[in-house]
Amino acid sequence: MNKIHLITVFIFSLSFTLNADILIKNGNIYSGDSAPFIGDIYIKDGKIHSIGSLNIKASKEIDAQGKIVTPGFIAPMTLIGIVEINSLDVTRDDESDYLNMGFSIFRAYNPNSTLIPWNRANGITSAISIPQQTSMPLAGMGSYFILDGNMNISGSKDMMMLGRIGASSGSRSEDLDLLENLISLGKLAKNRPYEKVIESPIAVFFELLIQDIEALDKVANEGLPLVIKTNRASDIKHLIDIKNKYKLNMILAGVEDAPIVIDELAASEIPVIINPMDNIPDSFDELSSSLELSAILSNAGITVLFDTSRSHNYHLIRQGAGNAVAYGMDYLDAIAGLSANVANVFDLKDRGSITKGYYADIAIWESDPLEPASIPSYVFINGIESDLTTRSSRLKDRYIKKLDKK
Amino acid sequence: MRYRNFIFTFALSFSFITIGAPFDSTYAPQNSPIIFLKNANIYDGEGNELLGYDLLVKNGQIQAIGKNLLLNETGKVLSYDLTNQWVTPGIIDIHSHMGVYSAPGVKTSSDGNESTSPVTADVWAEHSVWTQDPQFSLALQGGVTTFHVLPGSANLIGGRGTTFKNIQSNTIQGMKFPKAPHSLKMACGENPKRVYGSRKRAPSTRMGNAAGYRKAWIDAAEYRDELNSYVSKSASAKEIVNPPTRDLEMDTLAGVLNGEILVHNHCYRAEEMVVMIDIANEFGYKITAFHHAVEAYKIADLLADNNICGALWADWWGFKHEAYDMVQENIAIVDQARGGKGCAIVHSDDAIGIQHLNQEAAKALAAGNRAGFDISKARAMKWITLNPAQAAGIEDVTGSLVKGKDADIVIWNMDPFSVYAKAQKVFIDGNLMFDRDNLLTKPVSDFDLGIIQPNLSRTE
């Protein structure tokens, strides 16, 4: 795999008050990247200070009573903070009017979106929000957000680029050519003034701007993660070739036909983002879609992350992971797919795992987190206990009072 | 016996035009073996949890259910020891677009919305059904034995919906649930006003929606009255008067006014649902179920009082403005209204969701009990079995495991309220339609034949 060296701006809003230290006792700890063990977690200054059988006094102690403790889960493909209501354009900020690859959704992020408390209360503590797909094989850039709802936004700006190859009104052959040409343009941009690069015929033809060239430069030369949505086996194969040819930090999303090219995909070491519940042959690109996809990929040694087809409920990646386990995926691989794998694939520093020195993004679950009926009893972000109230819970409280309960 | 009345009155009202109903079901179950399910844990769909019970199926029907049943049958008996496994009625989805929005979802298969006029009561969803939709088999593998296919929600009145057994057939009639009544799809809110408003025609507002329904019902009442007046005439009088000109749209709407066709109304917002109840009262028809009804919890008592089911998702929200006020307790609140007199249904409206209705019910149940209700799993099982059967007008023949009903049965490898549970065996009318232990039983559509090793798991 390419070594990842992100030049993206890390904005650590250290505004979280470094108040209470917290001791979580008797957790059944699924760290995200190791086998489970019963233990304690001591949280201090927003970070995981120590893990094990601890004899520490803390200002707040929580007895987890053997319940499952996981890292806060990370959703890798969302619209959290940038779309409030899908059918209402005026609440959508995921589309650019004039940029292409250089389109950044970062400043559209609304820390007061109702999607943030909702997903957080369901165990998602951070997420990557992405722009809308365009007709180009490469669209804009996604950003990573810590879902603390803080007005001082923390996360990582423009830390991935999104693309797609597959069925369209044009030809995928031309799309693959265009993808290569754009990557080549990015290669060309290395150590050249972007003002010169935008004069090249392809940049002129597609009316690319400085921001687009800058983004291509990062993908082509600096290992910016490039997530390509694709499904058909032949497309996957071509994309593997392109990844190798240009030494890209490529991640494939969808990949419903992947079992047909499983050996090539495994050899490429490309991680994948899949919706484990989508076994519908929705298009002619995904005719071998199946519920066994997660198990097939993960058993071949491929790193698997999860996506869901439902808007707003990005926490349903847990339900997807549960179904993946039901159809043969290893449980620990599924937990990793919700946490450590996302952090590793996108180089999210010090998150995604219950590891000493990492940020204390932690959930304590009422029962198995892969059961969609289960919710967290506690959620911590940067070591601070989250309020699990949501707009939905307020609506529920208002109306349920009027009913006679048994 | 609603569906039998339906056939009777239907034949009566239209006998002057046609004998019997066109497009009738031709499905006839094959001779099924005697099946003996031993030591099973059963959610019977009537609200009971029966641990370690036996169940006997004969002639495609449930013959007996009890502890330590004695098997006095001679001849071939398929016997299964189901210790630690679970048995439920076949799962029923009251809101599906399988067959009318088939996979692959390409424009040539987009047959669910006749969005060319806000009132298209003349169209029947069944006439759009593609029998080779690969989604049917996937739903079967999720335990779905019966599903109700509706037209989409682009129109105020979208047309007739039809109930199907999840049977492989190359005719629509061969899949239709015998004697099940039709439904009428109506839709409130954003969809119709968006579709037609964007074309600068009515309706473009919610008030335009309301006017549109009422105009249609005024016409329907007039047609019904003309028809009744003609039918009540003596034979000699009929010879000198022409019957009213037959009108497909009015046939359907009059069928609703006569109580033969069940109204399934897509409606999200509380106040709109109450407007729809008033319109139903104004014209003397009944609403069987509100579909999607994200705000049903705000008027749950009113729904219970009016005997209207809520066909709901466990947690979908936010994709439209009218779906913004989601609470995960919606299903439980509708169920528990007026001391448990409510009728809650978990529906899918989705080819993925239909395969996991047990998981959706599990989410809704957990949310409800967390909020302070005390709802049993056995009762929650009704949300995906007996209650949708009732809303489809077929509760006398399916939807629960009681003597004399169709043997539509699912065997689960574990408690179906878990994400890890899988439908292990699925029976329809006592015939084994899917057996996870023998993937050769998996129905393979004509379309699927193009796919690698279609008889096995697609990718093995």
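Chain letters run A, B, ... following the sequence lines, proteins first and then strands; every chain starts at 1. Model, not experiment: these values are computed from the prediction.
Among A:Leu88, A:Thr114, A:Thr91, the residue making the largest number of heavy-atom pairs under 4.5 Å with chain B is A:Thr114. When B:Lys320, B:Gln135, B:Met326, B:Lys422 are compared by the number of non-hydrogen pairs under 4.5 Å with chain A, B:Lys422 comes out ahead. Taking A:Leu291, A:Asp282, A:Thr390 one by one and counting their heavy-atom pairs under 4.5 Å with chain B, the maximum is reached by A:Asp282. Counting heavy-atom pairs closer than 4.5 Å to chain B, the top-ranked of the candidates A:Val325, A:Ile262, A:Leu370 is A:Leu370. Ranked by heavy-atom pairs shorter than 4.5 Å toward chain B, the options A:Gly322, A:Ser309, A:Ala167 are led by A:Gly322. Comparing B:Ala366, B:Gly318, B:Ser102 by heavy-atom pairs within less than 4.5 Å of chain A, the highest count is held by B:Gly318.
Here B:Glu322 pairs with B:Arg206 in a salt bridge; the nearest charged N to carboxylate O distance falls below 4.0 Å. Using a 4.0 Å cut-off between a side-chain N of Lys or Arg and a carboxylate O of Asp or Glu, A:Asp285 and A:Arg172 qualify as a salt bridge.
For B:Arg194, no part sits under 4.5 Å from any heavy atom of chain A, backbone or side chain. The parts of A:Glu84 that come within reach of chain B are both its backbone and its side chain, each placing non-hydrogen atoms under 4.5 angstrom from that chain. Using a 4.5 Å cut-off between heavy atoms, B:Gln141 makes no contact with chain A at all.
The shortest distance between side-chain heavy atoms of B:Phe447 and B:Pro104 falls below 4.5 Å.
In this structure A:Asp93 satisfies the side-chain contact (heavy atoms from CB on, under 4.5 Å) test together with A:Ala108, sequence neighbours excluded. Partners of B:Lys341 by salt bridge (Lys or Arg N to Asp or Glu O under 4.0 Å), not counting sequence neighbours: none found.
Cation-pi geometry between A:Arg310 and B:Trp316 is met: under 6.0 angstrom from the ring centre, within 45 degrees of the axis.
The distance between the ring centers of B:Phe417 and B:Trp383 does not fall below 6.0 angstrom.
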